[in-house]
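Comments concern the structure below.
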Amino acid sequence: MRTLRPFCNAMKSTLVWFRRDLRVSDHEPLLRATQRGLVVPVFVFDRALLHHPETGAARIDFLLAALHALDADLRALGGRLIVRSGDPVQVLPDLVESAGAEGIYAYTDCERIYGRVRDARLNQALTQRGLKTRWFEPAASAAALMPYPQYRELWYRDMGQPLVPTPQQVLVPPAIASDLLPSLHDLGHRADGKPIPPASTAAARELLQKFLADKADRYYWQLSYPSAEATTGLSPHIKFGVISVRECVQTIRSAPDGGDNRLRRSHQQLISRLRWGHGFTQRFRYLPQLELRSLYRVFDDDGWAFDPDLYHAWQTGQTGFPIVDAAARCLMATGGYLALNFRTRAIYASFLSNLGGIDWRYGALHFMRHLIDGDCPIDHYQWAMQSGVTHCVDKSWTRIYHPGQVAIDRCDPEGAFIKRWVPELANVPPEQLGSPPTLSGYPAPILNYKTVRQRRIKQLETQRRQFLNTSNLLPFLAPMPEDFTPFGSEMYGGDVAWAQAATEALFPPPLPLHDLDPEAAQALRTWFVAHVNILPPKAKRRRPRSPDPDMQQLSLLGELGIDGG
């Protein structure tokens with residue numbers, strides 16, 4: 001066991017900047033800093049993020065709870081969290097100097113363009129003062145461009161590495177004062193009524209154990225049924241790094257399955273979903289423009305229609321399509337992290353862009369303003385994917401979800417989810433929920449599914465023809481925009497002055513698309529192809545009366561990608 005050195009003024013001091021890694025376990029910068037000597041664990045409340053157009057009050061509320069838990073965990077190790085507010089580019093160098101620290105340890109983060117502009121400016125500011133920064137790569141993050149199959153191997157290898165030990169002790173210089181942790185109101189936000197789950201590493205571990213004990217035998221088969229609520233509820237904790245994905249993966253792997261095929265498949269499926277999330281983030285690592293642009297320039301160059309009445313109806317759950325409206329109301333009421341599963345989010349998203357013809361960025365904006373688990377790479381990439389604009393270059397067909405009886409039969413066969421969130425339809429039989437009878441207070445369908453679906457398919461076929469099956473994607477990819485102003489600032493405002501002062505420098509840097517050689521271009525292409533042979537689904541009409549535990553979820557997912565019906 002390592003001997004702990006007593007506190008003394010001669011000890012080296014290191015500032016550890018917490019961002020989306022709010023934990024003391026499996027945290028390499030924190031452990032390395034404690035091995036050097038004194039630690040200044042700091043979190044900075046940054047107005048550019050607190051008042052970003054895509055920031056939601058409920059997510060900030062969860063963040064505050066996670067910070068209280070982090071402070072408690074640090075105090076249990078003899079330390080405490082130092083809180084500051086302001087521009088990190090000014091706050092952190094001042095704190096390093098006043099603390100007599102030698103520099104900053106932090107994980108890299110590529111969630112948003114703003115963060116990469118900020119970190120590039122911070123590197124410059126620290127260099128000008130003769131101060132140092134050591135950036136650590138999170139598990140399953142890589143600076144180098146590699147083919148996707150190679151990244152997949154990296155992910156599994158990193159997930160199999162031993163967890164970084166929790167420090168035995170965190171010694172913080174006693175003379176360093178901290179601001180009080182603010183309230184939601186102090187930060188300029190107002191609670192919107194969404195229930196906030198407990199936020200701590202202990203709570204996350206408890207959630208995972210509860211899932212493994214109570215839900216894992218049905219997760220694989222019932223994941224697409226919103227009323228089953230078969231999800232783990234871990235996503236907000238993972239978004240803020242309250243628990244590491246590596247710890248989750250290793251906990252799942254160590255859970256006994258007793259030879260039960262249901263448990264084994266559920267464990268594998270959950271691990272795969274954790275890997276997909278990291279894969280979306282790695283794509284953003286390479287192409288940060290995906291926050292603001294579609295992958296292929298043609299989709300944005302052609303422009304989008306915008307119907308404000310349809311957008312408002314979609315936001316508020318008044319489209320006349322019950323499963324869409326139930327998803328809308330569930331999101332607004334709960335923040336979606338537990339009750340609004342992936343399949344329901346996909347149906348809800350596909351409706352806006354594929355049937356409503358509205359730019360996917362308006363949908364991503366609405367989601368991020370309400371999701372407690374909102375994570376920009378995951379949210380934006382999947383929104384673009386569901387809208388058909390971040391499409392596999394070698395796939396010619398389009399998955400457009402049927403929002404009527406087909407979706408209800410396959411996702412909510414008893415109508416439990418719909419009737420919970422659309423009580424106007426409480427007395428409508430499940431087999432009529434796809435086209436409910438005229439009811440006082442419930443709107444008629446806002447669009448004709450078959451008409452708009454055919455129009456969208458023709459549009460996408462024309463647009464995709466430009467790059468379909470091309471061997472070199474580079475001429476067709478959207479470049480970094482000249483203007484970094486966040487989408488949605490015209491609607492919701494926000495602190496976006498940084499975008500006007502931004503330079504082209506980003507840290508971590510994006511891929512230089514204009515300078516990629518043919519080998520690198522081919523490696524990038526592997527991130528946007530189908531790695532399994534997914535055929536267009538056949539239109540089927542059948543209605544299981546209840547979630548069938550023997551129904552294979554992968555078949556259900558394929559059938560839900562309706563091109564007909």
Side-chain angles (χ1 to χ4, degrees), residues 224-227 304-334 336 339-360 362-367 369-370 383 386-388 398-457 459 539 541 543 560-565:
S224 291
Y225 294 97
S227 60
W304 296 80
F306 183 75
D307 181 338
D309 293 333
L310 190 151
Y311 185 52
H312 180 71
W314 175 86
Q315 289 177 301
T316 57
Q318 297 293 327
T319 68
F321 289 87
I323 199 162
V324 173
D325 293 340
R329 300 180 194 186
C330 176
L331 172 64
M332 296 284 280
T334 71
L340 195 66
N341 64 12
F342 168 78
R343 192 55 42 194
T344 315
R345 294 187 194 197
I347 294 170
Y348 186 36
S350 180
F351 184 93
L352 182 72
S353 293
N354 286 323
L355 303 181
I358 292 177
D359 189 333
W360 64 269
Y362 284 101
L365 171 67
H366 179 68
F367 266 41
R369 289 181 65 82
H370 291 282
W383 256 99
Q386 296 301 336
S387 302
T398 303
R399 171 170 288 173
I400 297 178
Y401 292 88
H402 195 307
Q405 195 65 42
V406 172
I408 293 167
D409 289 350
R410 302 227 172 96
C411 278
D412 194 21
E414 299 299 326
F417 178 72
I418 289 172
K419 292 182 179 185
R420 176 183 177 186
W421 296 108
V422 190
E424 306 96 298
L425 304 179
N427 296 321
V428 176
E431 60 272 15
Q432 296 180 22
L433 283 173
S435 300
T438 302
L439 295 170
S440 175
Y442 189 70
I446 200 168
L447 51 78
N448 181 292
Y449 165 71
K450 290 185 177 180
T451 299
V452 296
R453 172 190 165 275
Q454 288 297 331
R455 183 175 64 210
R456 179 61 172 162
I457 287 177
Q459 180 187 33
R541 295 298 300 271
R543 191 174 76 82
L560 260 174
I562 301 299
D563 273 351

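Position 1 is the first residue of the sequence, and the numbers go up from there.
- By the 4.5 Å heavy-atom criterion applied to side chains, Pro413 and Tyr225 are counted as neighbours.
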Begin from the C-alpha positions of Tyr401 and Val324 and carry the test side-chain contact (heavy atoms from CB on, under 4.5 Å) through to its verdict. CA-CA 11 Å; Tyr401 292 88; Val324 173; over 6 Å; no
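- Under the rule for a side chain to side chain donor-acceptor pair (under 3.5 Å), the partners of Trp360 that lie at least two apart in sequence or sit in another chain are Ser294.
- Minimum heavy-atom separation, Asp309 to Asp307: N-OD1, 3.0 Å.
- If you take NZ on Lys450 and CG on Leu355, they are separated by 13.5 Å, rounding to the nearest 0.5 Å.
- Using a 30° and 60° split on the angle between ring planes, Phe367 and Trp314 fall in the parallel class, below 30°.
- Rounded to the nearest 0.5 angstrom, Ile400 CD1 and Ile457 CD1 are separated by 4.5 Å.
- The stretch residues 432-443 participates, sequence neighbours left out, in no salt bridge (charged side-chain N to carboxylate O under 4.0 Å, His left out) pair at all.
- Taking Thr451 as the reference, Asn448 meet the side chain to side chain donor-acceptor pair (under 3.5 Å) condition, with sequence neighbours excluded.
- The nearest pair of heavy atoms linking His312 to Thr316 is O-OG1, 2.7 Å.
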Could you go step by step and tell me if Tyr311 and Leu352 meet the side-chain contact (heavy atoms from CB on, under 4.5 Å) rule? CA-CA 7 Å; Tyr311 185 52; Leu352 182 72; 4.0 Å; yes
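- Within the model, atoms CD1 of Ile418 and CZ of Phe321 stand 12.0 Å from one another, a figure rounded to the nearest 0.5 Å.
- Under the 4.5 Å side-chain criterion, counting only non-hydrogen atoms from C-beta, Lys419 is not in contact with Asp412.
- In this structure, Ala313 and Thr319 approach most closely via the heavy-atom pair O-CG2, 3.7 Å.
- Residues Cys411 and Pro226 have side chains in contact (heavy-atom distance under 4.5 Å, counting atoms from C-beta outward).
- Put simply, CD1 on Ile323 and CD on Gln405 are 9.5 Å apart, with the number rounded to the nearest 0.5 Å.
- The minimum heavy-atom distance between Pro430 and Gly415, with the atom names listed, is CB-N, 4.4 Å.
- If you take OG on Ser224 and CZ on Arg410, they are separated by 11.5 Å, rounding to the nearest 0.5 Å.
- Sorted by first and then second residue, the pairs that involve residues 318-334 and meet salt bridge (charged side-chain N to carboxylate O under 4.0 Å, His left out), not counting sequence neighbours, are Arg329-Glu424.
- The minimum heavy-atom distance linking Tyr442 with Pro436 is given by the pair CE2-CG, 4.0 Å.
- Scanning for side chain to side chain donor-acceptor pair (under 3.5 Å) contacts around Arg455 gives an empty result, with sequence neighbours left out.
- Side-chain contact check for Val422 versus Leu433: every heavy-atom pair is 4.5 Å or farther apart.
- The side chain to side chain donor-acceptor pair (under 3.5 Å) test applied to Asn354 returns Ser350, Arg456, not counting sequence neighbours.
- One finds the CD1 atom of Ile408 at 11.0 Å from the CD atom of Gln432 (value rounded to the nearest 0.5 Å).
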